[in-house]
Amino acid sequence: MSSKEGTAGQAFGPVLAAVATMQGNVSRTEKTHAHQFLEKFQKSIEAWTITHDLLQSPDVPVEAKLFAATTLKGKITFDLDQLPTESVLALRDSLCVCLASLAVQMIEWKDILASVGSALGSSAGDCVLEFLKILPEEVTEGRKINLSEEDLVSRTKELLEDNAEQVMHLLIQYSQSSPSAATNPRLLDCITSWMREIPASKIVDSPLMDVILKALDNDTSLDSAVDCMCTLYRDTREVDDSLPIIQALYPRLMSLRPKIAEFAEAEDTDAYRGITRLFAEAGEAWVILIARLPSEFRGLVEAVLECCARDWERDAISLTFVFWYELKQYVIIDRYAEARVGFSDIFSKLVDIMVKHLQYPHPEEGESDLFGGDREQEEKFRHFRHSMGDVLKDCCAVIGVTECLTKAYQLIQHWVSKYASQASDEHVPNWQELEAPLFSLRAMGRMVDPGENNALLAQVIPLVVQIPNQEKVRFQAIMALARYTEWTAQHPETLEAQLNYVISGFQHSSSEVVQASALAFKYLGTDCQKLLGGHITQLHSFYESVLDKLKPTSQEEVTEGVAAVVAMQPPHKIYETMKIFCDPIMNRIVNLANNAKDEQSQRAVADHLQLITIFVYVVNPFVAQGKENPAVKYCGEILPIMTALAMNFTASTPILERVCRCWRNMLTSYRTAMTPLLPVLAQSLADGFQASREGCFLWATDAVVREFSEGAEYVDPGTSRAVFQFYEQQSTAFLRILNDLPPENLPDVIEDFYRLSSDAVRYYPRECITSSLSVPIFSAALSALTLQQVDPLIATLHYYHDLFSFAFERPAVSGFTSSNGDPYTNPPEIREAVKQLIASQGQELSQRILAGMMFSFPVDCFADASSVMMSLFELMPQQAGVWLHTTLQMLPAGTMKPNEAERLLKGISDRVQSGELRKIRVLLQGEIDLQLAVIH
């Protein structure tokens with residue numbers, strides 16, 4: 001081994017050892033040390049030469065070479081300024097990896113194509129093609145690289161625009177060099193990549209067009225050729241400007257139509273997806289032309305329809321869904337009425353095809369599982385069916401819902417006439433042929449106008465309620481009925497048969513049918529509540545008989561249906577009707593709570609509390625101001641029980657959240673009618689929060705603040721003052737909790753508190769801003785900014801944003817207007833108080849936000865964090881500039897490049913001096929955010 005090789009080996013020995021440690025079966029501590037070593041190595045200047053030597057050495061393991069390649073790519077992207085120019089030139093000559101990224105950044109490298117061709121040699125065709133393919137992609141991604149906007153624009157012109165003709169000539173030369181070259185997928189990928197720069201018209205008029213079309217005959221190159229064609233389509237979406245290109249492409253595309261049948265007969269799945277995509281994406285690109293010239297482009301629409309019809313595996317049809325939707329969007333416009341008429345037969349056939357594809361598969365003989373045990377395939381089919389349902393809706397929009405429904409009705413009739421006599425509960429022959437049109441009925445239900453006197457539905461519904469009891473058929477029949485409940489409300493003569501059919505479904509042995517029945521009952525109760533209003537006794541018997549047999553979700557759905565009927569009772573009957581339905585639930589809750597010793601039994605308590613919440617949410621009678629609300633009267637009876645639950649289960653999050661949800665719904669449903677219960681409810685919320693430290697009590701407190709704020713209608717000043725004192729009481733409890741526990745232990749509590757505090761600032765600005773708690777609440781929010789979860793961070797940032805809004809004359813976030821109806825005007829003393837609060841802690845706030853954006857905030861928080869920083873500059877431009885400067889100086893060495901930090905500060909300083917504050921946002925987001933994205 002030469003001395004040079006020995007030196008290199010000694011240099012990268014520790015790297016090899018660390019990589020081996022990461023790959024080996026060693027302790028977590030050893031892996032942590034190895035990971036830290038490799039991270040430090042990647043940032044070092046020595047990494048340039050060591051990674052290069054690793055890649056050149058024949059004896060280095062593949063894992064180490066992969067690490068070296070990844071490191072080198074990162075160095076080229078982010079650390080190029082570490083190398084002198086001569087080293088960059090040497091790297092260019094010796095390394096193919098990351099050449100394209102290097103080419104974008106290396107402004108002094110002008111002869112890109114010649115240099116790469118010379119360095120790689122005449123036999124390195126695939127390498128050259130790979131480089132050429134990557135180059136436009138890297139230029140497009142150039143905003144991630146440390147080039148100024150001016151340099152990037154200039155470099156883009158040099159690399160792409162100035163080289164486009166030469167690249168096209170090279171590609172043509174290569175394609176003609178041999179038969180195998182013409183079908184090389186890398187060639188086609190390269191053509192596709194350079195279509196960013198080479199106009200579609202030049203491709204279509206060049207020998208490359210024949211190359212692309214011929215490549216469709218080759219299994220190896222077909223996918224790449226399809227990509228090429230579809231990229232050409234995208235370049236011709238501006239159809240008026242691209243009409244000559246489209247006229248040249250269209251006949252060549254249509255000459256490929258025989259391949260649809262060819263690939264289908266060969267059952268070549270990949271090829272069939274490719275040919276389907278070829279026609280479908282052409283339709284998407286030229287859809288406006290298709291609508292304008294239906295006769296000229298009918299062949300393309302028929303080809304897409306044929307792709308749907310011949311799709312034996314239902315694998316490619318989804319590629320056409322966007323086309324059918326977009327075509328529908330145009331042809332339903334009056335301007336394109338001719339196209340609507342001209343394509344009506346195609347959309348009619350499309351309905352037949354879709355309903356056929358909706359059928360479940362017929363299992364092999366002796367096999368009971370429809371998908372042979374493949375659950376992934378089953379789930380894919382379920383999702384696929386709902387997408388096809390959307391296509392059926394598109395068809396309804398084009399040819400009318402009656403024609404589409406008629407097709408489903410006729411298929412059901414056909415099955416009934418052919419198989420009904422042979423069907424029994426145990427055996428339903430060819431049930432797939434019945435279930436599919438039932439599904440289509442369900443899918444198209446949204447398109448039916450409830451007020452329309454649709455004679456067909458009057459025939460369909462009596463037929464549906466006679467559907468046999470096979471699981472999937474019964475499920476689909478009930479789900480179909482659930483879609484027509486609004487129509488049923490206008491046609492009461494059909495209600496009884498449907499209700500009986502749905503209720504009988506609760507006795508079915510299939511849990512899916514039972515769940516469908518619960519959902520259907522919800523819609524029947526909600527939409528037909530007036531028709532069912534006189535049947536409270538029967539409903540109560542039914543409700544009590546099924547409730548305990550249902551899963552929690554179905555319990556909620558049935559309860560929604562029942563509650564909707566209860567809500568329709570006259571006000572003088574509301575109280576007694578709520579007691580009839582809710583008292584048995586409360587009894588269940590008490591009994592369950594007495595034995596709730598584990599998580600599962602406590603969950604059962606919570607699930608039943610949710611049923612009470614539904615009644616509270618839905619049953620909302622209109623009662624004149626000053627009169628007792630009968631629903632509130634009932635709430636007063638159950639409030640002590642709920643308070644006891646909250647105090648007895650302080651460690652059960654599900655129970656506490658459901659109790660608080662119920663209380664919050666009482667406030668939002670009955671609003672100021674809850675005034676008589678407010679003192680007791682507020683005390684319960686305060687006691688519950690102190691005992692449990694759960695944020696849900698703050699979430700419910702927020703509703704109190706909103707509904708009983710200063711200036712709210714029908715709220716007297718004394719009540720409003722008491723509500724603000726209640727907020728301060730909750731705030732004091734929160735601050736004590738935060739003093740005992742670190743923020744990372746309280747993310748949910750922090751989120752709920754600062755959402756509450758945002759509303760308190762909105763509705764009680766003077767009281768909040770002048771309160772003795774304003775400073776500790778502001779300071780506590782600073783500690784919350786150390787978190788890394790999105791929701792509490794956003795809540796905290798919104799609090800700051802809303803608070804800062806009151807430093808302006810007209811805060812945009814005020815929760816009320818002045819007494820004469822004008823927008824709220826902020827008094828000068830309030831504006832000054834907010835500014836003093838900011839001035840006292842602005843430096844630390846700037847540090848927390850900037851540090852968070854650089855190191856810890858999730859990307860979803862960046863916009864809000866940047867907005868808070870912008871507010872600081874708008875309110876206190878000079879001080880904010882100083883705070884930012886101080887913060888940047890405190891960053892760890894290497895976090896930002898010195899020239900970048902100075903350029904940013906100078907830009908901000910210039911705009912502060914000139915008063916162009918709005919341009920600071922551009923700097924903050926365009927410069928800092930870009931730098932931070934690189935750091936991340």
Side-chain angles (χ1 to χ4, degrees), residues 543-544 547-548 550-553 555-556 558-560 562-563 575 578-619 631-670 674 676-704 707 726 729-730 733-734 737 748-749 752-753 756:
Y543 187 62
E544 281 295 304
L547 190 63
D548 295 333
L550 302 176
K551 294 180 179 179
T553 301
Q555 287 180 336
E556 292 177 21
V558 172
T559 300
E560 285 184 56
V562 168
Y575 171 72
M578 283 190 75
K579 282 187 71 67
I580 289 172
F581 283 95
C582 294
D583 275 359
I585 300 174
M586 291 304 300
N587 291 335
R588 287 179 173 90
I589 290 171
V590 171
N591 292 333
L592 288 166
N594 288 337
N595 298 287
K597 307 301 182 186
D598 56 25
E599 185 177 342
Q600 183 177 355
S601 56
Q602 290 171 8
R603 172 64 67 180
V605 174
D607 291 338
H608 281 77
L609 283 167
Q610 178 64 14
L611 306 183
I612 296 294
T613 302
I614 291 170
F615 276 102
V616 169
Y617 178 78
V618 175
V619 182
V632 173
K633 180 181 178 182
Y634 185 75
C635 289
E637 292 184 5
I638 64 175
L639 184 55
I641 301 174
M642 292 192 161
T643 299
L645 285 170
M647 299 309 294
N648 290 334
F649 290 95
T650 54
S652 174
T653 300
I655 289 179
L656 297 178
E657 287 184 345
R658 294 300 172 88
V659 168
C660 289
R661 182 179 296 174
C662 191
W663 287 345
R664 183 180 170 96
N665 273 275
M666 290 178 185
L667 293 160
T668 56
S669 290
Y670 310 128
M674 284 287 292
L677 303 183
L678 194 57
V680 176
L681 179 56
Q683 191 61 51
S684 297
L685 288 169
D687 293 344
F689 181 49
Q690 290 185 26
S692 70
R693 299 185 170 187
E694 287 280 351
C696 55
F697 290 94
L698 300 176
W699 178 64
T701 299
D702 194 10
V704 178
E707 300 300 338
F726 172 44
Q729 181 183 357
Q730 297 289 67
F734 166 77
I737 294 169
D748 295 338
V749 178
D752 288 322
F753 177 75
L756 166 62

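As the structure is a prediction and not an experimental result, all values here were calculated from the model.
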- From CD (Gln555) to CD (Gln610), nearest 0.5 Å: 10.5 Å
- Query: Phe726 and Ala682: which non-hydrogen atoms are nearest, and at how many Å?
  - Reply: CE1-O, 3.3 Å
- Query: Nearest 0.5 Å, what's the CZ-CG distance between Phe689 and Leu698?
  - Reply: 4.0 Å
- Gap separating the CG atom of Leu667 from the CG atom of Leu678, nearest 0.5 angstrom: 7.0 Å
- Message: Could you tell me if the side chain of His608 sits less than 4.5 Å from the side chain of Arg658, heavy atoms only?
- Response: no
- How many angstroms lie between CG in Leu681 and CE in Met642, if you round to the nearest 0.5 Å? 11.0 Å
- Message: Could you check whether any side-chain heavy atom of Met674 comes within less than 4.5 Å of a side-chain heavy atom of Glu707, counting everything from C-beta outward?
- Response: no
- For Asp748, check salt bridge (charged side-chain N to carboxylate O under 4.0 Å, His left out) against everything at least two apart and list the hits. none
- Contact summary for Ile638 and Met666, nearest pair of heavy atoms: CD1-CE, 4.1 Å
- Full working for side chain to side chain contact (heavy atoms under 4.5 Å, CB included) between Leu547 and Val558: CA-CA 8 Å; Leu547 190 63; Val558 172; 5.7 Å; no
- Specify the closest pair of heavy atoms between Ser669 and Val616, including all atoms of both residues, with the distance to one decimal. OG-O, 3.2 Å
- Query: Are the side chains of Leu756 and Phe697 in touch, meaning some heavy atoms are under 4.5 Å apart?
  - Reply: no
- What residues, two or more places apart in sequence or in another chain, satisfy salt bridge (charged side-chain N to carboxylate O under 4.0 Å, His left out) together with Arg588? Glu544, Asp548
- Note on the structure: Of all heavy-atom pairs linking Leu609 and Ile655, the shortest is CD1-O, 4.0 Å
- Give the intermediate values and the outcome of side chain to side chain contact (heavy atoms under 4.5 Å, CB included) for residues Met586 and Glu637. CA-CA 11 Å; Met586 291 304 300; Glu637 292 184 5; over 6 Å; no
- So, do Val749 and Glu694 sit near enough that their side-chain heavy atoms are less than 4.5 Å apart? no
- Query: Could you give the distance from OG1 (Thr613) to CG (Asn665), rounded to the nearest 0.5 Å?
  - Reply: 6.0 Å
- Note on the structure: In terms of heavy-atom contacts, Trp699 and Arg664 come closest through O-NH1, 2.6 Å
- Query: To the nearest 0.5 Å, what is the distance between CZ (Arg661) and CD1 (Ile614)?
  - Reply: 9.5 Å
- Taking all atoms of both residues into account, what is the closest heavy-atom pair of Ala596 and Phe649, and its distance? O-CE2, 3.7 Å
- Task: Start with the C-alpha distance between Gln729 and Gln690, add both sets of side-chain angles, then the distance that settles side chain to side chain contact (heavy atoms under 4.5 Å, CB included), and finish with yes or no.
- Result: CA-CA 10 Å; Gln729 181 183 357; Gln690 290 185 26; 4.1 Å; yes
- Message: If we count only N and O atoms by modelled type, under 3.5 Å, do the side chains of Ser684 and Asp687 hold a donor and an acceptor together?
- Response: no
- Message: Looking only at side-chain N and O atoms, does Thr559 offer a donor or acceptor that is under 3.5 Å from a partner on Tyr543?
- Response: yes
- Query: Would you call Trp663 and Thr643 a side-chain contact if the rule is heavy atoms closer than 4.5 Å?
  - Reply: yes
